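Hydrogens, waters and symmetry mates are skipped; everything else that's a heavy atom, side chains included, is used. All ligand and atom numbering here is 1-based and tracks the order in the structure. The residues of the chain are indexed from 1 along the displayed sequence. On a predicted model such as this, the values are computed, not experimentally measured, just so you know.
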Amino acid sequence: MVAPEPDIDLRHHGDTEVAPGLVDFAVNVRAGTPPRWLAERIAAALGDLAAYPDPGPARAAVAARHRRDPDQVLLTAGAAEAFVLLARVLRPRRAVVVHPQFTEPEAALRAAGHPVERVVLPPDFVLDPAAVPADADLVMVGNPTNPTSVLHPAATLAALARPGRVLVVDEAFADCVPGEPESLSSRADLPGLVVVRSLTKTWGLAGLRAGYLLAAPGLVRALADAQPLWSVSTPALVATRECSTPRAVAEADAWARGLSRERAAFAAALSGLGLRVTPNAAASFLLVRVPGAQRLRTELRARGIAVRRGDTFPGLGADWLRTAVRDFETNSQMTRTLAELL
Ligand SMILES: Cc1ncc(COP(=O)(O)O)c(C=O)c1O
């Protein structure tokens with residue numbers, strides 16, 4: 001069904017739920033980031049600020065990391081810029097956004113004047129490719145998806161790609177998954193595929209604005225033509241290059257393994273309190289269903305803990321909350337507080 005007007009605030013994001021003094025379970029950026037080695041390299045780039053940015057080395061590094069050619073890479077000021085460029089350049093006849101998911105892709109399409117059709121997956125948010133209209137010529141889906149944390153199989157997503165359709169897979173959280181087995185980032189063979197990636201989450205660089213997309217050279221050129229010149233700053237380019245090295249990828253992978261363990265333990269603890277945790281979580285957060293979630297969120301806030309409301313995601317309602325997965329101690333603090341409140 002074409003959603004006539006945004007019925008909810010698509011521009012609400014978790015950062016507005018955080019405040020000084022609150023323990024942050026609302027934003028999914030990895031705690032303790034950026035790592036010192038990365039911060040130092042970004043800081044060293046400040047000596048080069050007099051020159052205009054040169055995207056060449058970062059683009060080559062991203063291409064090598066995903067086994068692509070550099071002409072299949074467009075560096076962007078975060079994934080957010082990628083969504084805006086796609087919305088401004090593409091001329092979809094039937095644009096479909098698979099929800100619940102991050103709301104900026106839909107917001108960008110609407111801002112560019114495109115009608116948007118929603119395919120809303122019911123809990124537990126397993127993607128059925130048959131739910132996507134066959135004649136949709138633009139399909140946007142997240143993997144793993146924010147806020148559900150569900151990881152769709154690569155084969156399911158690949159089945160959505162076809163000539164005459166642009167398939168945008170938002171992989172902003174793909175590096176939460178050890179080995180990234182379901183990522184399509186290296187699939188140059190799939191027609192119309194656009195993979196969007198972000199450095200924001202795993203590397204703690206939300207304020208820097210660094211991301212990129214991977215697509216066929218023709219589409220990359222069209223998007224680059226629409227992109228403001230020098231859109232990605234020199235420090236962001238340095239970060240992109242440094243986060244694409246085999247050493248950085250290995251570091252992210254090691255973190256992702258630890259995250260999997262903490263997430264499983266946290267999910268079990270929350271389930272033990274009677275909360276319904278969306279199964280098969282694969283990202284750095286959990287989606288939880290609990291009657292009276294709005295009240296619970298307010299009470300948690302009064303106890304110094306910020307979680308993300310669920311009702312601003314299409315397909316969810318007042319009974320949903322999203323919580324980041326932190327380290328064992330911090331997760332335990334949340335579990336204890338919830339146990340008291342429930
Ligand atoms: C799924 C998803 N994609 C993309 C983004 C935006 O990433 P960036 O900071 O790179 O623009 C977010 C931020 O919350 C997100 O949750």
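Between Glu17 and the choices Arg322, Arg297, Arg309, the salt bridge (charged side-chain N to carboxylate O under 4.0 Å, His left out) rule is met once, by Arg297.
Protein residues with a heavy atom under 4.0 Å from ligand 1 are Gly78, Ala79, Ala80, Phe83, Phe102, Asn146, Asp170, Ala172, Phe173, Ser198, Thr200, Lys201, Arg209.
The shortest side-chain heavy-atom distance between Leu160 and Leu127 falls under the 4.5 Å cut-off.
Under a 4.0 Å N-O distance rule, the pair Glu81/Arg209 does not qualify as a salt bridge. Salt-bridge check for Asp189 with Arg187: passed, with a basic side-chain N closer than 4.0 Å to an acidic carboxylate O. Residues Arg221 and Asp225 are not paired through a salt bridge, judged by the lack of any N-O separation under 4.0 Å between the basic side chain and the carboxylate.
In this pair, His66 and Tyr212 present their aromatic rings tilted. The plane angle is within the 30 to 60° band.
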